[in-house]
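Notes to accompany the following structure.
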Amino acid sequence: MRFSQILPCYLVFRHILVNIDSFLPEEFSLNHNIIAVVFGNLLDNAIEGCEKVTEGKKTMDIKIKYHEKQLYIEISNTFNPVFVNSNFITHKKNRENHGFGLKSVKQIVKENSGILDIRTVADRFCVNIILWDLE
């Protein structure tokens with residue numbers, strides 16, 4: 001199996017410092033639609049979270065690793081936490097039509113017997129996922 005590695009690199013996107021660390025095989029059998037939905041939603045949420053930061057640096061860390069038929073995804077970003085009854089609330093005007101992205105990610109991880117961990121650490125929102133390459 002041939003692997004492609006992106007050495008840790010930094011880029012700036014929308015005034016957000018993005019750190020990417022990736023080590024993936026050129027091919028693996030996990031459904032590409034699953035990966036697209038997971039990454040699309042998590043990256044969209046991370047960008048939105050960073051854009052709401054009013055003080056300090058806006059940063060996002062993306063780690064993607066594949067090892068022994070496991071795909072490990074970690075995305076963390078700075079954010080301004082706003083809680084109501086221990087739940088995050090959206091800043092969007094039309095609240096009833098939002099929040100589906102993370103629900104979609106949770107559903108995909110559940111359907112594929114994966115592991116999902118969502119937590120906050122200080123001013124960082126962190127999502128960790130493990131999916132198995134089911135071949």
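Source: prediction; values computed, not measured. We number each residue from 1, following the sequence as shown.
With sequence neighbours left out, K110 forms a side-chain contact (heavy atoms from CB on, under 4.5 Å) with no residue at all.
Within the 4.5 Å cutoff, the side chain of L131 has heavy atoms near those of the I129 side chain. Within the 4.5 Å cutoff, the side chain of L116 has heavy atoms near those of the K106 side chain. Between I62 and V18, some side-chain heavy-atom pair lies under the 4.5 Å cut-off. Within the 4.5 Å cutoff, the side chain of N41 has no heavy atoms near those of the L102 side chain. Annotation: side chain of F125 is not in contact with side chain of N45 (no heavy-atom distance under 4.5 Å). Contact of the E55 side chain with the V53 side chain is not registered, since no non-hydrogen atoms from C-beta on lie closer than 4.5 Å. Annotation: side chain of L17 is not in contact with side chain of K57 (no heavy-atom distance under 4.5 Å). Contact check for F39 versus I73: side-chain heavy atoms found under the 4.5 Å cut-off.
Of the possible polar contacts, none joining the N112 side chain to the G114 backbone as a donor-acceptor pair under 3.5 Å is found. A donor-acceptor pair is defined here as one N or O able to donate and one able to accept, closer than 3.5 Å; such a pair exists between the side chain of N80 and the backbone of K52.
The existence of a salt bridge linking K58 and E51 is excluded, since no basic side-chain nitrogen approaches an acidic carboxylate oxygen closer than 4.0 Å. K63 and D61 are not joined by a salt bridge, as no carboxylate oxygen comes within less than 4.0 angstrom of a charged side-chain nitrogen.
Y72 and E74 form a side-chain donor-acceptor contact under 3.5 Å, judged by distance and modelled atom types alone.
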Take T78 and R124, measure what side-chain hydrogen bond (donor to acceptor under 3.5 Å, both in side chains) needs, and give me the verdict at the end. CA-CA 4 Å; T78 51; R124 297 198 68 80; 5.0 Å; no

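Closest heavy-atom contact between W132 and L30: O-CD1, 3.5 Å.
Once rounded to the nearest 0.5 Å, the distance linking CG of L24 with CG of L71 reads 6.5 Å.
Residue E111 places its CD atom among more than 12 non-hydrogen atoms of other residues, nucleotides or ligands, all under 6.0 Å distant.
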